[in-house]
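Please read the structure below before turning to the comments.
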Amino acid sequence: MTGAILRLASWIVPRGRRADWLAEWRAELHYVARVDHAGAAGFTRGAFRDALWLRRHDPHPREPLFASPVRTLAALAVLAAVAGICRPAPRLPKDVIAIRSHGSPLSLTYDEYRILEAHRPEGIEAVAFYRKLSKRAVATRSMDAVLRGHALPGVSGGYSVADDFGPGPGYVIARFSTTGNLPWWHITIPSPDGGHELLDCVPLNPGQRVLAVLFIFGVAVIILPALTTFSPGAPVRGHRAWMFFAAKLGLGMTAVYFASAALAEPGLTAFGLLVGFFLVVRWALEDQRRRCPICLRYLASPVSFGCLGHILLDWHGSEFICPEGHGLLQVSASPASPYAPQHWVRL
Ligand SMILES: [Zn+2]
């Protein structure tokens, strides 16, 4: 067991020093286990702290994942693809609708369903009635034609078929034959007293409309300046930098769009989209501010200059350098400084 813990901790240690580190810890553990067998497990836990210290002070650290622009876009593309593959399948096809009474209650009686079935509008392919019974439901035979293998909404235990339903309320769902948008919002059926009854058609899977998604993106962009600087930074110049910025935004937003589909409620999906878009735009701006405007690589080796007392008379902040040697980025430490928040110095 202690050997497995040591092996696990060794993965944190930089690869070049891993074998020596593991041999040393094994030797020490062997000695500790001989002297105090019960304390060996506690001793092994210290290996994680030691391994983390070595990782943090690695003189030749591995390049971060997002260091190069190609790797950044590749990682975002993989993220978007995984989110797209893993997104849950829509629970119902788009051409399945609920038919409800206009106003409340939302349910219909079995007699109303039979009148609807007898006066079925031309666009409706199949219509079915069901009634919930705790976890299961009973439904008319036409339910199979409406659902075509999909699950009945709001019923976890499936449904059984019945022929007679008697009085009492139930729910009606239907499948319409035209593709695309819902053909009508309301339909009328004859009522038993000789008049007409108005029924509502409600899509059960409205999907996400492009305009609604764009609207949420717009809201995310509007609230952004309240929480972060909107500027993509002094270094961003040229088509290449802007194209990279746009690609980051596009891929990040695609990942958020797919991921938000996992949220069950439409309200939650909209909120998830808003938060996700906000975080993506904010990350894309902050990431862009820390890149070389020429090669778009992540700036490295931060060095701190000056101290807080230099705010008025001298510059105080950090300097980052492009790994390819294109220039230096000076980032002011305080917004109160008379110097620009970011200044790019070409070498
Ligand atoms: Zn560069």
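Remember, it's 1-based here, ligands and their atoms both numbered in the order they're listed. Everything quoted here is computed from the prediction, not taken from an experiment.
Using a 4.5 Å heavy-atom cutoff, the side chains of Arg100 and Leu108 are not in contact. Contact of the Phe66 side chain with the Arg71 side chain is not registered, since no non-hydrogen atoms from C-beta on lie closer than 4.5 Å. The closest side-chain heavy-atom distance from Glu324 to Cys292 is not below 4.5 Å.
Protein atoms of type N/O/S that fall under 2.8 Å from the Zn ion (ligand 1) number 4 in this view.
Checking each of Ile99, Ile173, Leu116, Thr140 against Phe129 for a side chain to side chain contact (heavy atoms under 4.5 Å, CB included) leaves exactly one that passes, namely Thr140. When each of Arg282, Arg289, Gln288 is tested with Leu285 by the rule side chain to side chain contact (heavy atoms under 4.5 Å, CB included), just one qualifies, namely Arg289.
Separating the CG atom in Leu133 from the OG atom in Ser160 is a distance of 7.0 Å, to the nearest 0.5 Å.
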